[in-house]
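Here is the structure we will look at.
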Amino acid sequence: MIKNVVLIGFMGVGKTSSGRMLANQLGFKFIDMDKAIEKKWNMTIPQMFEQYGEAFFREKEKEMCREIAEKKSVVISTGGGTVKDPENVSILKRTGKIVCLTASVDAILERTATTGTRPLLDSFEDRRQGIIKLLDERKEMYAQADYTLDTTDLSPLQVSRDVISFMKRR
Ligand code: S3P
């Protein structure tokens with residue numbers, strides 16, 4: 001039985017766009033963790049950060065990890081900070097293979113240029129420096145993946161083909 005695929009990685013690396021494509025190709029259901037949290041709590045992530053703070057969001061994120069890890073045959077797109085909590089990693093590893101997507105700072109900057117959707121990035125005066133700082137703080141967390149793929153020059157279709165060939169090799 002092929003495991004779930006759990007996409008981790010920084011904001012803007014393509015977890016959602018490639019994840020959707022991957023789910024399609026595998027015949028799996030696609031779950032976007034942020035969207036699932038927004039639906040369950042009936043508010044957007046930026047609203048949640050603003051009204052209740054990041055710690056509250058992280059609690060809801062952990063609950064969602066537990067819920068989603070129970071599911072079978074799903075591709076899960078996590079939020080960029082989900083794996084900051086080691087417990088989330090072990091929860092998700094029980095039923096899924098962890099795939100980390102990466103991208104260059106320039107690609108991340110370009111793909112996350114819209115403001116108002118990513119409160120953490122909006123909090124930096126210098127977005128590039130903010131991205132570099134967060135990437136550095138998180139590099140060890142992202143290194144916990146079973147497989148890592150640089151998406152800088154890849155389309156979602158190319159990413160999904162590559163991940164499928166990794167899943168088949170196992
Ligand atoms: C976050 C990434 C966001 C979202 C929240 C916090 C992070 O998800 O979960 O704004 O800490 O990196 P995406 O990676 O899908 O943008």
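Below, each value reflects all heavy atoms present in this structure, side chains not excepted, and no hydrogens, waters or symmetry copies. Counting starts at 1 for both ligands and their atoms, in listed order. The model shown is predicted, which means the values in this text are computed figures rather than measured ones.
Where the criterion is an N or O separation shorter than 3.5 Å, residue side chain and backbone included, F10 fails it with respect to ligand 1. Checked against a 3.5 angstrom limit, the closest N/O atoms of R118 and ligand 1 fall inside it. Backbone and side-chain nitrogen or oxygen atoms of G79 are examined, and none is located within less than 3.5 angstrom of a nitrogen or oxygen of ligand 1.
Counting heavy atoms closer than 4.0 Å to ligand 1, residue K15 contributes side-chain atoms (C-beta onward) but none from N, CA, C or O. With a 4.0 Å cut-off on non-hydrogen atoms, R58 touches ligand 1 through its side chain and not its backbone. Using a 4.0 Å cut-off between heavy atoms, L120 contacts ligand 1 through its side chain alone, with no backbone atom that close.
The closest approach between any non-hydrogen atom of M48 and ligand 1 is not below 4.0 Å. Residue contacts with ligand 1 include R138, since one of its heavy atoms falls under 4.0 Å from the ligand.
What sits closest to atom 2 (C) of ligand 1 on the protein, heavy atoms only, is G80 N, 3.3 Å.
A salt bridge does not link K84 with E61: every distance from a Lys NZ or Arg NE/NH1/NH2 to an Asp or Glu carboxylate oxygen is 4.0 Å or more. Between E137 and K133, at least one side-chain nitrogen of the basic residue sits less than 4.0 Å from a carboxylate oxygen of the acidic one, meeting the salt-bridge criterion. For D85 and K62, the salt-bridge test passes: some basic side-chain N is under 4.0 Å from an acidic carboxylate O. Salt bridge status for K60 with E67: absent, with no side-chain N to carboxylate O gap under 4.0 Å.
Atoms of ligand 1 lying under 4.0 Å from at least one heavy atom of M11, given by number and element, are 2 (C), 7 (C), 12 (O), 13 (P), 14 (O), 16 (O). Per-residue contacts place D34 under 4.0 angstrom from the following atoms of ligand 1 (heavy atoms of the residue considered): 3 (C), 4 (C), 8 (O), 9 (O), 13 (P), 15 (O).
When every heavy atom of E38 is checked against every heavy atom of I45, the shortest pair comes out as OE2-N, 2.8 Å.
Defined by atom type and a distance below 3.5 Å, a donor-acceptor pair is present between the side-chain atoms of T16 and D32. No side-chain donor from either of S17 and R111 sits under 3.5 Å from a side-chain acceptor of the other. No hydrogens or angles considered: nothing links the side chains of D106 and S104 as a donor-acceptor pair under 3.5 Å.
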